[in-house]
Every structure is written in structure tokens, then in C-alpha cells.
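Below is one structure, written out as C-alpha cells; comments come after it.
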Amino acid sequence: MITKESYQPSQASSWTGRIDGTAADLLRWHQVIRVVNLLESDLPPLQPGQRGIVFLGFACDEGVRRNKGRTGAVAGPAALRKAVSNFPVHFNEHTLLLDAGDIVCQGNDLENAQLVLSEAVRSILLAGYLPLLLGGGHEITYGHASGIRKYAQQRKGTVGFVNFDAHFDIRIPGEEGPSSGTGFWQLAQDCKQAGEPFHYLALGIQKNGNTRQLFNIAGDEGATYVGADAFHLEDRDTLFAAIQHFLSQVDYIYLTTCLDVFAAAYAPGVSATAFNGITPGGVFLQCYRAILESGKVVGADIAELNPSLDVDNRTAKLGAAIIFEVVNNLSENY
């Protein structure tokens with residue numbers, strides 16, 4: 001349940017930018033987005049033919065701290081809002097863009113924050129909107145994907161989890177409990193308990209970022225992965241075969257992008273940089289768009305932006321560019 005302690009509504013004043021005019025072909029995101037307070041009102045009902053996308057922040061990096069990473073991702077949602085605010089509007093007039101504020105982590109209580117996030121995601125989906133979440137550490141995965149699972153269970157659909165990441169994030173929780181590196185292990189256990197298949201596709205995995213044990217756990221849980229080399233060597237056949245096969249197995253897709261999948265030159269502002277990460281160019285965009293255009297994505301997020309480590313807002317702008325892809329593609333395909 002969302003409470004005053006676990007939720008911070010957005011302010012309309014946080015959405016600012018250039019104004020070229022008010023004609024439809026001059027508008028920018030900050031001129032059309034609507035701010036809603038989940039504590040005070042329900043999401044506005046969508047009209048026939050209308051599509052809705054809801055930004056929801058997850059202001060938390062307790063999972064990063066537990067995972068022994070560099071903290072600061074708690075400030076990620078605000079940085080992403082600022083980075084997308086001035087984008088020009090290219091989606092059609094039937095797309096409604098809302099900002100529902102942030103779910104926040106109270107002290108070290110990550111578990112409650114993830115539970116609240118899960119319920120918020122489910123309520124957004126039940127209202128007919130697509131949740132587009134702004135992280136925050138990659139502990140965003142468990143809360144976000146759990147909300148999608150609850151929604152899919154009500155509709156008797158199968159969920160697939162797609163993760164662009166240098167890391168599997170399938171670590172078994174340690175003494176402190178779940179972290180930014182355990183989300184997919186938690187989801188695998190939940191699926192087992194519910195008698196559901198665990199469909200997990202990880203794209204961009206680095207051998208130098210995962211122990212052999214993590215590869216073994218991924219194998220034991222039936223995960224599918226394609227390494228970063230497929231992006232480096234432009235092996236489209238391998239990538240698209242994996243993506244298309246995965247898409248054919250599921251009804252709904254949870255799509256998450258950990259910004260540390262990208263090379264440090266493009267994404268310096270993350271908890272764990274990767275000098276040889278993938279590039280956000282043609283191969284990545286083709287893969288990302290293929291997933292979006294499937295029409296099966298029901299929730300997407302950006303994780304691990306750490307503004308305190310960023311250089312010239314480079315990482316925030318990269319995350320914003322991915323959000324731009326999501327909004328424009330899903331306004332057409334959702």
C-alpha cells in the first residue's frame with residue numbers, strides 16, 4: 001500500500017524547458033505531461049483509442065549499497081526527468097503522458113519499498129497504462145517485475161523478463177538480504193513457488209563481470225543469455241534468433257536496461273562501469289526496437305543511473321534517449 005512515507009509526488013515545476021510555441025508541431029514533453037498524485041486520485045480513465053504511459057520513479061539505492069556498489073542512484077529519477085523534459089513531442093495526440101512521482105525507500109527497508117513499487121505497478125497496469133519506471137538501482141527489477149507478474153496472473157498470461165545488462169543479477173541473497181544483484185534470482189524462486197515458467201533473457205552479459213557460479217545459477221534456472229561480444233561483432237543473427245525465440249514463448253514482456261551494459265565512455269555515471277561494454281548504436285537499437293515493436297512490452301525501466309558519478313550528464317542523456325525510444329515506439333505499438 002502506498003503511504004506518505006513511501007511516496008513522493010512530483011511537482012509540475014520540475015518539468016521545464018524551452019518553449020517554441022503551443023502549436024502541436026512545436027510542443028515539448030514538459031508542455032504536455034500531466035502530474036498526478038497517487039495518494040490523492042486515481043489515474044484518469046483512458047478514452048477509446050487512447051494510450052497512456054506513466055512515469056514512476058524508484059528513488060532507492062539501498063540494493064546497490066547491499067551489493068557493495070557505489071551509491072547515488074537514489075537521485076536517478078530526478079536526473080532522468082530533467083533529461084527528458086525538453087524532448088520534442090513526436091508521439092501522436094492519442095498518447096497521454098503522466099508523471100506519478102517516486103516510490104522511495106525508507107531508511108534501509110528495501111523489501112517494503114519493493115512491495116510498494118509492485119502494488120503501484122499493478123495498479124497502473126490495471127488502469128490501462130504502461131508503467132515506465134525511472135531508477136534507482138537495479139533492485140527496481142524485483143518490485144517492477146513482481147507487479148507485472150501479479151497483473152499477468154489475473155489475465156492468465158505468461159511473463160518474460162528481458163534485461164540489457166553486463167550482469168545477470170541472479171545472485172543468491174546474502175546476510176543483508178536482497179540487493180541490486182538478486183532480482184532475477186528472486187523472480188526465479190517466485191515463479192517456482194507459483195508453478196510458473198521462469199523466462200529470462202539477458203543481453204550484453206560480460207564474462208569479466210560474472211563469476212562462474214553466476215553462469216551456473218543462470219543455467220540451472222533456465223535463463224537464456226547473449227554475451228556482449230555479439231554486439232561488438234555485430235552478430236545480428238545470434239541476437240535476433242534469441243530475441244524472436246524468446247518473444248514467441250511469452251505473452252507479456254518486462255523490459256529493463258541497466259545502464260552499466262554500455263561502455264564507460266557512454267555511461268560513466270553508473271555503479272560499476274564497463275570499459276568494454278556495448279555501444280548504444282545500430283545493433284543495440286535494432287534489438288531494442290524489435291522487442292518494443294512486438295507489442296508485448298507491458299513495463300519498461302532504466303536502472304543504475306548515478307548522477308553523482310556522471311560526466312557532462314552523459315549517462316542521464318543516454319538513459320533519456322532510451323526512454324524516448326520507449327515512449328515513441330509504445331505510443332504506436334502498445
Side-chain angles (χ1 to χ4, degrees), residues 2-17 29-30 33-39 43 53-65 69-87 97-107 109-110 112-114 116-121 123-124 129-145 147 180 183 254-260 267 269-271 299-310 313-327:
I2 298 176
T3 65
K4 290 182 179 179
E5 293 75 25
S6 63
Y7 178 67
Q8 179 65 53
S10 279
Q11 303 297 320
S13 58
S14 65
W15 288 90
T16 61
W29 285 17
H30 68 89
I33 196 159
R34 294 171 55 181
V35 173
V36 294
N37 186 328
L38 296 179
L39 288 174
L43 299 177
I53 297 172
V54 175
F55 289 137
L56 180 66
F58 188 54
C60 177
D61 60 6
E62 169 62 13
V64 175
R65 185 195 67 77
R70 301 184 294 175
T71 57
V74 65
L80 286 169
R81 284 187 179 90
K82 184 176 181 180
V84 303
S85 187
N86 209 42
F87 277 145
L97 205 59
L98 305 180
D99 179 10
D102 295 338
I103 302 300
V104 299
C105 182
Q106 303 169 65
D109 196 356
L110 170 60
N112 183 66
Q114 290 176 320
V116 174
L117 181 64
S118 171
E119 288 303 315
V121 166
S123 66
I124 289 169
Y129 290 80
L130 183 135
L132 179 44
L133 271 54
L134 316 175
H138 218 167
E139 59 265 37
I140 196 174
T141 280
Y142 185 61
H144 189 174
S180 60
Y254 160 66
L255 176 59
T256 181
T257 304
C258 185
L259 291 171
D260 69 21
V270 295
S271 175
D301 63 47
I302 302 293
E304 299 283 351
L305 169 61
N306 186 330
S308 68
L309 301 171
D310 210 355
N313 295 319
R314 198 176 302 166
T315 318
K317 291 177 180 178
L318 173 54
I322 296 171
I323 292 169
F324 187 82
E325 287 288 328
V326 175
V327 169

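Not counting sequence neighbours, H138 has no partner by the ring pair (Phe, Tyr, Trp, His ring centres under 6.0 Å) test. Among residues two or more places apart in sequence or in another chain, the side chain to side chain donor-acceptor pair (under 3.5 Å) test is passed with T3 by E5, S6. Partners of E62 under the side chain to side chain donor-acceptor pair (under 3.5 Å) rule, at least two apart in sequence or in another chain, are R65, R66. Every residue was checked against the side chain to side chain donor-acceptor pair (under 3.5 Å) condition with S85, not counting sequence neighbours, and none meets it. Among residues two or more places apart in sequence or in another chain, the side chain to side chain donor-acceptor pair (under 3.5 Å) test is passed with S308 by N306. When the ring pair (Phe, Tyr, Trp, His ring centres under 6.0 Å) test is applied to Y7, no partner is found at least two apart in sequence or on another chain. Partners of F58 by ring pair (Phe, Tyr, Trp, His ring centres under 6.0 Å), not counting sequence neighbours: none found.
The shortest distance between side-chain heavy atoms of C60 and L110 falls below 4.5 Å. Residues I53 and V326 are not in side-chain contact: their nearest non-hydrogen atoms beyond the backbone lie 4.5 Å or more apart. The closest side-chain heavy-atom distance from V64 to E139 is below 4.5 Å. The shortest distance between side-chain heavy atoms of T256 and C258 does not fall below 4.5 Å.
By the 30° and 60° cut-offs, the orientation of the rings of F87 relative to W29 is perpendicular. Ring planes of H144 and Y254: perpendicular class, angle over 60° (limits at 30 and 60°).
In this structure, D301 CG and T141 OG1 are separated by 5.5 Å, a value rounded to the nearest 0.5 Å. Atoms CG and CH2, on N86 and W15 in that order, are 11.0 Å from each other to the nearest 0.5 Å. Distance check, rounded to the nearest 0.5 Å: CG of L255 to CG of L132 gives 9.5 Å. Considering OG1 of T257 and CG of L318, their distance stands at 9.0 Å, rounded to 0.5 Å. For the atom pair Y129 OH and L98 CG, the distance stands at 5.0 Å (nearest 0.5 Å). Summarising the geometry, atom CD belonging to Q8 is positioned 9.0 Å from atom CG belonging to N37; distances are rounded to the nearest 0.5 Å.
Of all heavy-atom pairs spanning V35 and A12, the tightest one is CG2-CA, 3.8 Å. Residue G17 comes nearest to H30 through the heavy atom pair C-NE2, 3.2 Å, listed as atom of the first residue, atom of the second, then distance. Nearest approach of A320 to V84, heavy atoms of both residues: CB-CG1, 3.5 Å. Here the closest heavy-atom approach between residue G135 and residue L305 is recorded as O-CB, 4.4 Å. Taking all atoms of both residues into account, the shortest heavy-atom contact from S123 to A120 is OG-O, 2.7 Å.
Residue pairs meeting the side-chain hydrogen bond (donor to acceptor under 3.5 Å, both in side chains) criterion with at least one member in residues 313-324, sequence neighbours excluded: D310-T315.
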Full working for side-chain contact (heavy atoms from CB on, under 4.5 Å) between I322 and L259: CA-CA 10 Å; I322 296 171; L259 291 171; 4.3 Å; yes
Derivation and outcome, side-chain contact (heavy atoms from CB on, under 4.5 Å), residues I323 and L134: CA-CA 9 Å; I323 292 169; L134 316 175; 3.6 Å; yes
For residues 76-83, tabulate all N or O donor-acceptor pairs below 3.5 Å that involve a side-chain atom, not counting sequence neighbours.
| residue | atom | partner | partner atom | Å |
| --- | --- | --- | --- | --- |
| R81 | NE | S10 | OG | 3.4 |
| R81 | NE | D99 | OD1 | 3.3 |
| R81 | NE | D99 | OD2 | 2.9 |
| R81 | NH1 | D102 | OD1 | 2.9 |
| R81 | NH2 | D99 | OD1 | 3.0 |
| R81 | NH2 | G101 | O | 3.0 |
| R81 | NH2 | D102 | OD1 | 2.8 |

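The closest donor-acceptor contact from the side chain of D61 to the backbone of A73 lies under 3.5 Å.
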